[in-house]
Amino acid sequence: MKQKIVMKVQMNGEKCRTKAMKIATMAKGVTSVAIEGADKSQVVVIGDGVDSASLTRSLRKKLGYATIESVQKLEESTQSSAKKIPEEKEDNPTPILWSSSYGQYPQVPLYYAVVSDPYPSNCVTM
């Protein structure tokens, strides 16, 4: 069930708006986040199964003041008709040939030699 959550958040500057956007995008199920309102103090979150209470709690923890103004259920037919974008399809798609150039380089064996000191000292650090 897609839902639209509108929250009023105390945002004093651009830094607070950026922080609010980051917090909202990290919530589970969020598909889009926008800042709206006359004074840019509303965070609008659209998503599927978003927990509005925990999102508000996270915003309060980082920004100070946040309240839920409204939670609305979005209709699927409304969104699909509003976002209809005509897609152009190619009749004959061009195949892409992928070749790895890694196999062209020769493999060089690595040799390791163990070096030991015939006269060990008591000094541990060098």
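Computed from a predicted model, the values in this text were never measured in an experiment.
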Rounded to the nearest 0.5 Å, what's the gap from [atom1] on [X] to [atom2] on [Y]? Could you check?
| X | Y | atom1 | atom2 | result |
| --- | --- | --- | --- | --- |
| Lys40 | Asn12 | NZ | CG | 15.5 Å |
| Asp39 | Gln10 | CG | CD | 11.0 Å |
| Ser52 | Glu69 | OG | CD | 13.0 Å |
| Arg17 | Ser41 | CZ | OG | 9.0 Å |

Under 3.5 Å, side chain of Arg60 to main-chain N/O of Ala66, donor-acceptor pair present?
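The answer is yes, because a donor-acceptor pair under 3.5 Å joins these two groups.
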Quick one: does Asp48's side chain have a donor or acceptor within less than 3.5 Å of a partner on Met1's backbone?
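Yes: the side chain of Asp48 pairs with the backbone of Met1.
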Side chains of Lys19 and Cys16 in contact at under 4.5 Å (non-hydrogen atoms):
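They are not in side-chain contact.
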So, do Leu74 and Ile46 sit near enough that their side-chain heavy atoms are less than 4.5 Å apart?
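When only atoms from C-beta onward are counted, Ile46 and Leu74 do touch, with a gap below 4.5 Å.
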Mind checking who shares a hydrophobic cluster with Met26, ILVMFWY linked at side-chain heavy-atom distances under 4.5 Å?
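Members other than Met26 - counting any ILVMFWY side chain reachable under 4.5 Å - there are none.
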If you link I, L, V, M, F, W and Y whenever their side-chain heavy atoms are under 4.5 Å apart, who else ends up in the same group as Ile23?
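The other cluster members (ILVMFWY side chains, heavy atoms under 4.5 Å, direct or chained) are Ile5, Met7, Val9, Met11, Met21, Val30, Val33, Ile35, Val43, Val45, Val50, Leu55, Leu59, Leu63, Ile68, Val71.
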Please report the closest heavy-atom contact between Gln3 and Gly49, naming both atoms and the distance.
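It is NE2-C, 4.0 Å.
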Modelled atom types, side-chain donor and acceptor of Lys8 and Thr67, under 3.5 Å:
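There is no such pair between these side chains.
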